[in-house]
Number of protein chains: 2
Amino acid sequence: MSTGAFDDVLSTLDAERRARRTVMSTTADRVAGQLREQVAEGHLRSGTKLPEERLAAALGVSRNTLREALGQLVAERILVREAHRGVVVSTPDADDVRDVYAARLALEPGALRQGEHAPAARVAALRAAVEEGQAALEAGDHEAVGGANQHFHHAVVALAGSDRLDAQMDLLLAEMRLFFHAMGDPRTFHEPYLAANAAICDLAEAGRWSDAAEHLTTYLTDAREQLLGGFALT
Amino acid sequence: MSTGAFDDVLSTLDAERRARRTVMSTTADRVAGQLREQVAEGHLRSGTKLPEERLAAALGVSRNTLREALGQLVAERILVREAHRGVVVSTPDADDVRDVYAARLALEPGALRQGEHAPAARVAALRAAVEEGQAALEAGDHEAVGGANQHFHHAVVALAGSDRLDAQMDLLLAEMRLFFHAMGDPRTFHEPYLAANAAICDLAEAGRWSDAAEHLTTYLTDAREQLLGGFALT
DNA sequence: TATTGCAGGATTGTTGAACAATCGGCAAGG
DNA sequence: CCTTGCCGATTGTTCAACAATCCTGCAATA
């Protein structure tokens, strides 16, 4: 087996190439990324129309490729398309909040219970997100607190060890950002939950996955009610 | 209120219109549906290349709109696109099986535990899927048994009451069909699990959601091992 | 023989322009 | 005031093209 080690390198390189190929650029994806970021950042507010011609010109890209990008974001529920009426930034309502939380209430505790079989590194990611939140709070950076909170919930789902689930969670968290932008985006919304995150992380590290899952369930239920309260005012 | 009944008709019609508008036609979606079905049905086997020009001509549609349709299916992981190399029907490997089952192991038991708060109609859907499977088994229709099994698992996720989760489960089940086509598609694969479905349904109807979830967890783990065994032969 | 270099053809990524279908608004008319 | 019909604007879709990239085969070379 003179080529054994060499073949290993070969296949590694090939895998890398394929990964870059399937993940990476193609202007449509890049444009989708730009728009995604503009929405996540709050620069494109809910309800704003996105006329294809002007937007394509602004992005320096053809209308067709812009169309492909818009298609991606529509699939991600960040934008909504109505036939012959154009695409607009999604304006979530109370039902959307209920639906997203119904998904999270199934997904996150389910993933947390699977944490029993997760490698230690994934549990460490949980702890890292908790500490990131603590640091952000002490620094008084409200935006970073929100970010850390999202990282925590992403880490919870990552315990399940499924790329597909991680992608789904990314979509749900993107919608959560829309919710926050739709309501007044109260800067202190996330802070009360930092303690709960820490408690859940403690339980997880102690191997008490079931307790952690139940804790998370009540946590999410509370957050949903709070959000729905905020939406009732709209 | 002379127009009361009329306004009812109006709003009904309007709701219908909006539903069709956001869900239905636009040739790209229709084409995506056709291709999706061809793959699900097994007429387009794993690994077959889909050249844009010929395929567009065959479908009687422009290359651009075909491109949009392909984009959808790529997002659904039914097809895989490599830059400048074209799209092919996804050929799942053992890692894909592991990933999909990691997702299902978090999703399905998690949704089942949420069944506690589900309306009775959703539980009835569970029972309906079980009976559909029994009938198909007695009729000796192996394909229908597989279909009923998918309906059961879809009904489990539907307990959570989230459209977004239902859509995600549709994707996972579509990938499962790819798995079955990739291996020899043993016609009797699903039959042993009908009893487990019935047991889970019994527990659910008895309100023993936690027991049902645990039962489903071992169930899914077994099925995963069996599938992985089939894939090891490839 | 096995590998390298190179041309040629084929396919994809992207663009630009066009046309029919449809939507939104505005004026005419009851 | 409400309806009707028309006009401009935007979308859905197609067509034709071009550059970039990939694959194939063949010749040249060691």
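So you know, we letter chains A, B, ... as the sequences are listed, proteins then strands, and number each from 1.
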Which pairs would a plain distance check flag for residues 96-106 of chain B, meaning a side-chain donor or acceptor within less than 3.5 Å of a matching protein atom at least two apart in sequence or in another chain?
| residue | atom | partner | partner atom | Å |
| --- | --- | --- | --- | --- |
| D96(B) | OD1 | R164(A) | NH2 | 3.1 |
| D96(B) | OD2 | D93(B) | N | 3.1 |
| R98(B) | NE | D95(B) | OD1 | 3.4 |
| R98(B) | NH2 | D95(B) | OD1 | 3.3 |
| D99(B) | OD1 | S162(A) | OG | 2.8 |
| D99(B) | OD1 | D163(A) | N | 3.3 |
| D99(B) | OD1 | R164(A) | N | 3.2 |
| D99(B) | OD1 | R164(A) | NH1 | 3.0 |
| D99(B) | OD2 | D163(A) | N | 2.7 |
| R104(B) | NE | E108(B) | OE2 | 2.5 |
| R104(B) | NH2 | E108(B) | OE2 | 2.9 |
| R104(B) | NH2 | H153(B) | ND1 | 3.2 |

Checklist line | Donor-acceptor side-chain pairing of N197(A) and Y219(A) below 3.5 angstrom | finding: yes
Notebook entry, point to check: Which comes earlier along DNA chain C counting from the 5' end, the contact point of E53(B) or that of T65(A), where each point is its nearest nucleotide?
Noted result: E53(B)
Next item on the list: Round to the nearest Å and state the distance from R81(A) atom CZ to dT11(D) atom C1'.
Entry: 9 Å
Check: Do E41(B) and R177(B) meet the salt-bridge criterion of a basic N to acidic O distance under 4.0 Å?
Finding: no
Notebook entry, point to check: Can you list the residues that meet the side chain to side chain donor-acceptor pair (under 3.5 Å) rule with Q168(B), with sequence neighbours excluded?
Noted result: none
Check: How long is the line joining CG of D29(B) and P of dT11(D), in whole Å?
Finding: 17 Å
Margin query: How many whole angstroms separate atom CZ of R85(A) from atom C1' of dA9(D)?
Written below: 14 Å
Notebook entry, point to check: Whole Å only: how far is the NZ atom of K49(B) from the C1' atom of dT12(C)?
Noted result: 10 Å
Check: With respect to the side chain of P51(A), which nucleotide from dT21(D), dT11(D), dT13(D) is positioned closest?
Finding: dT11(D)
Margin query: Rounded to whole Å, how long is the line connecting atom CG of L66(B) with atom C1' of dT12(C)?
Written below: 12 Å
Check: Rounded to the nearest Å, what distance is computed from the NE2 atom of residue H84(B) to the C1' atom of nucleotide dA10(C)?
Finding: 14 Å
Next item on the list: Over all heavy atoms of both residues, which pair between L159(A) and G115(A) is shortest? Give the atoms and the distance, please.
Entry: CB-CA, 4.1 Å
Check: E52(A) has an atom CD; how far is it from atom P of dT15(C), in whole Å?
Finding: 14 Å
Check: Step by step, would you call F152(A) with H190(A) a ring pair (Phe, Tyr, Trp, His ring centres under 6.0 Å)?
Finding: CA-CA 12 Å; F152(A) 176 79; H190(A) 304 283; over 10 Å; no
Checklist line | Neighbours of DNA chain D within residues 55-64 of chain A, by heavy-atom distance under 4.0 Å | finding: R63(A), N64(A)
